[in-house]
A.B. asks: 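Once you've had a glance at the structure underneath, I'll fire off some questions.
Computed from a prediction, not measured in an experiment: that's the story for all the values here. Because only heavy atoms are used, hydrogens play no part in the values below, and waters and symmetry mates are left out as well, while side chains stay in. Nothing fancy with the numbering, it's 1 onward along the sequence.
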Amino acid sequence: MSTTPSRRRTMFCCVAAVSAAAATTASLLVSLAGIGLAAPAPPAAVEDPAGVKVISSGWNHPWGMSWLPDGSALITERDSFQVFRLTPSGVKTKVATVPHVVNTKPESGLRSLAVSPTWSTDHYVYLYHAAEEGNRIVRMTYDGSTLSDYTPLVTGIKKGGTNGGQIKFGPDGYLYATTGEASTSSDAQDKQSLNGKILRMTADGKPAPGNPFGTLLYSLGHRNSQGITWDAQGRLWETEIGHDGYDELNLIEPGMNYGWPTCEGSCSEAGMTDPKVQWRPVEAVPSGITYVDGALYIGALRGQRLWRVPLTGASVGTPTAHYVGQYGRLRTVEQVPGKAALWITTDRAGKDKDLVLQVELTQ
């Protein structure tokens, strides 16, 4: 989302509190959409969550994560095209190598996966990956030991340098997918294109009932939509990587236009929806996101930190940063089922050096 002089923007800035470990070395400027006030003095340093432990090591670019009913997780590796099962005690087992995956473009390969909410009866697992002709969403059967029955559901999603690639089942039982504009910015505004959108579909890859345009499209105007999650009231939140101006946290509503390429961050264009939070890329390049006990938790790639964004209804409070620079790039962030805890994956730490971390949010 590049910046040009002809674009009108209103910059809304405030200073975010930083973690105790980083408070003496840095202050972080975070932009909150909708507040046209000068930046206040930095608040007192905020303590990090209760603790961090390594659940598993030896990973190579883990990307997607989805929970099974027994509390273990399926995790993808982007560049090896492999899926693994990881138990809460840290036992890691290879499940399969996904077929038809290619890694010929930046940010392609195997992306995310989503376990069917009715896996105990249908055994379905959904995956998003790059293939020869473009990105696709597929369904496979996981019998508890291996994957089989590869079935493409959605094809024709262009691949390029900005691929999106997150899929998750929502509280309504439908599958949501984020797509990037694949380095063709005009596609984000083109309702005939699947790129630069959030998609919503049935378990068979068909447009879900109630979609705003009668197609797979749920929202448009996205550059590189990364993570999605729902709060306790069922509101959909999304993280988005900008170009060189601002990264975004968006509250997603059906049929709304989130601005790219006309807007990057907050702007005054009619018909465009402003982000709830915007960051400079040095602080963010946000990826995974989850909701726990009144707050969103967001992994930052370039920013190498965990952001906590408190929510009051649809309004956001002051974001705070934790573990700045301590664990490198943070990719996937998911709540451990039934616990006030997160599983977080590191990103591109080096061969066999990525980790799965568990963060305890309370003592």
A.B. asks: Output every pair passing ring-ring contact (aromatic ring centres under 6.0 Å, His included) with a member in residues 173-196, not counting sequence neighbours, ordered by first then second residue.
C.D. replies: Tyr176-Tyr218, Tyr176-Trp230
A.B. asks: Looking at Tyr128, I'd like to know if the NZ or CZ of Arg136 sits under 6.0 Å from its six-membered ring centre while staying within 45 degrees of the ring's axis.
C.D. replies: no
A.B. asks: Between Arg85 and Asp70 (salt bridge meaning N to carboxylate O under 4.0 Å), is one present in this structure?
C.D. replies: yes
A.B. asks: Checking side chain to side chain contact (heavy atoms under 4.5 Å, CB included) between Leu216 and each of Thr202, Ile137, Leu194, which is the one that passes?
C.D. replies: Leu194
A.B. asks: Is the distance from the ring center of Trp343 to that of Trp67 below 6.0 Å?
C.D. replies: yes
A.B. asks: Any salt bridge between Asp204 and Arg139, counting N to O under 4.0 Å?
C.D. replies: yes
A.B. asks: Test your reading of the model: is there a side-chain donor-acceptor pair from Thr179 to the backbone of Lys197, 3.5 Å cut-off?
C.D. replies: yes
A.B. asks: Quick one: does His222's side chain get under 4.5 Å of Glu238's, heavy atoms only?
C.D. replies: yes
A.B. asks: Do Leu86 and Val91 have side chains that approach each other closer than 4.5 Å (heavy atoms only, starting at C-beta)?
C.D. replies: no
A.B. asks: Taking the side chain as every heavy atom from C-beta outward, state whether Leu249 and Ile289 have any atom pair closer than 4.5 Å.
C.D. replies: yes
A.B. asks: Residues in salt bridge (charged side-chain N to carboxylate O under 4.0 Å, His left out) with Asp187, at least two apart?
C.D. replies: Lys158
A.B. asks: Is Val52 linked to Val292 within one hydrophobic cluster, defined over Ile, Leu, Val, Met, Phe, Trp and Tyr using a side-chain heavy-atom separation of less than 4.5 Å?
C.D. replies: yes
A.B. asks: Would you indicate whether the side-chain heavy atoms of Leu127 and Arg111 approach each other to under 4.5 Å?
C.D. replies: no
A.B. asks: Considering residues at least two apart in sequence or located in another chain, which fulfil the side chain to side chain donor-acceptor pair (under 3.5 Å) criterion with Ser193?
C.D. replies: none
A.B. asks: Taking the side chain as everything from C-beta on, heavy atoms only, tell me whether Gln82 gets closer than 4.5 Å to Lys94.
C.D. replies: yes
A.B. asks: Looking at Gln233, I'd like to know if its CD atom is crowded, meaning that more than 12 non-hydrogen atoms belonging to other residues, nucleotides or ligands lie closer than 6.0 Å.
C.D. replies: yes
A.B. asks: Between Phe81 and His129, does the ring pair (Phe, Tyr, Trp, His ring centres under 6.0 Å) criterion hold? Intermediate values first, please.
C.D. replies: CA-CA 9 Å; Phe81 315 154; His129 72 82; 8.5 Å; no
A.B. asks: Does the side chain of Thr345 come within less than 4.5 Å of Leu355's, by heavy atoms?
C.D. replies: no
A.B. asks: Take atom NZ of Lys339 as the centre, draw a 6.0 Å sphere, and report whether it contains more than 12 heavy atoms from other residues, nucleotides or ligands.
C.D. replies: no
A.B. asks: Same hydrophobic cluster for Leu330 and Val54, using side-chain heavy-atom links shorter than 4.5 Å among ILVMFWY?
C.D. replies: yes
A.B. asks: Is the terminal nitrogen or CZ of Arg305 (NZ for Lys, CZ for Arg) located under 6.0 angstrom from the six-membered ring centre of Tyr323 and within 45° of that ring's axis?
C.D. replies: no
A.B. asks: Is there a side-chain contact between Trp279 and Ile298 (heavy atoms, below 4.5 Å)?
C.D. replies: yes
A.B. asks: Please determine whether residues Met201 and Leu153 belong to a single hydrophobic cluster, defined as Ile, Leu, Val, Met, Phe, Trp and Tyr linked transitively by side-chain heavy-atom distances below 4.5 Å.
C.D. replies: yes
A.B. asks: Quick one: does Tyr126's side chain get under 4.5 Å of Val138's, heavy atoms only?
C.D. replies: no
A.B. asks: Salt bridge or not for Glu334 and Lys168, using N-O below 4.0 Å?
C.D. replies: yes
A.B. asks: Can Asp172 and Arg200 be counted as an ion pair, charged N to O under 4.0 angstrom?
C.D. replies: yes
